[in-house]
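This report concerns only the one structure given below.
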Amino acid sequence: QVQLVESGGGSVQAGGSLRLSCLVSGYTSTNKCVGWFRQTPGKEREGVAAIYTGGGTTYVADSVKGRFTISEDNDKNMVSLQMNSLKPDDTAMYYCAANLGGRGCLYGGSWDVAGSFRNWGQGTQVTVAS
């Protein structure tokens with residue numbers, strides 16, 4: 001059974017940094033797409049970044065480009081999201097999601113389709129104070 005466990009959330013002042021990690025267990029192949037999404041109350045889940053661990057292709061939302069970096073550690077079956085220059089607008093629950101297999105991250109040409117990800121973690125809260 002595949003499980004995704006997020007860690008690294010917390011509270012930080014604007015301009016600060018946090019590093020989120022997603023541990024994928026129950027699936028050891030490197031062929032998978034792992035994405036980070038975030039959600040605030042009353043809003044739809046928003047794609048933040050994704051990586052296809054089979055080849056290293058990454059996708060990053062325009063809203064966080066230049067500030068957030070997604071990376072993989074295949075030895076640890078872990079994907080991390082380094083978040084720098086955090087803003088109050090980054091405050092949200094952050095979720096790790098994965099699609100297993102070799103089809104990549106794109107669904108209908110887009111990487112950030114939450115409904116296309118079949119496996120989800122429980123989420124970790126990120127709060128950025130102004």
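All values derive from a computational prediction rather than experimental measurement.
In this structure R118 satisfies the side chain to side chain donor-acceptor pair (under 3.5 Å) test with no other residue, sequence neighbours excluded. In this structure S7 satisfies the side chain to side chain contact (heavy atoms under 4.5 Å, CB included) test together with S21, sequence neighbours excluded. Taking Q39 as the reference, R45 meet the side chain to side chain donor-acceptor pair (under 3.5 Å) condition, with sequence neighbours excluded. Judged as a side chain to side chain contact (heavy atoms under 4.5 Å, CB included), and not counting sequence neighbours, the contacts of D73 are D75, K76. The side chain to side chain contact (heavy atoms under 4.5 Å, CB included) test applied to K43 returns T40, not counting sequence neighbours. In this structure N99 satisfies the side chain to side chain donor-acceptor pair (under 3.5 Å) test with no other residue, sequence neighbours excluded. Scanning for salt bridge (Lys or Arg N to Asp or Glu O under 4.0 Å) contacts around R38 gives E46, D90, with sequence neighbours left out. Contacts of V5 classified as side chain to side chain contact (heavy atoms under 4.5 Å, CB included), with partners at least two apart in sequence or in another chain: none. For E72, the side chain to side chain donor-acceptor pair (under 3.5 Å) partners are N74, not counting sequence neighbours.
To the nearest 0.5 Å, atoms CD1 (I70) and OH (Y52) are separated by 14.5 Å.
Within the structure, every pair that satisfies the disulfide bond (SG atoms under 2.5 Å apart) test and touches residues 74-130, not counting sequence neighbours, is listed here: C22-C96, C33-C105.
Taking a 4.5 Å side-chain heavy-atom cut-off between Ile, Leu, Val, Met, Phe, Trp and Tyr, the cluster of F117 extends to F37, M93, Y95, W120.
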Only pairs under 3.5 Å count here: list side-chain donor-acceptor contacts from residues 123-130, not counting sequence neighbours, and write none if there are none.
residue	atom	partner	partner atom	Å
T124	OG1	G9	N	3.2
Q125	NE2	A92	O	3.4
Q125	NE2	T127	OG1	3.4

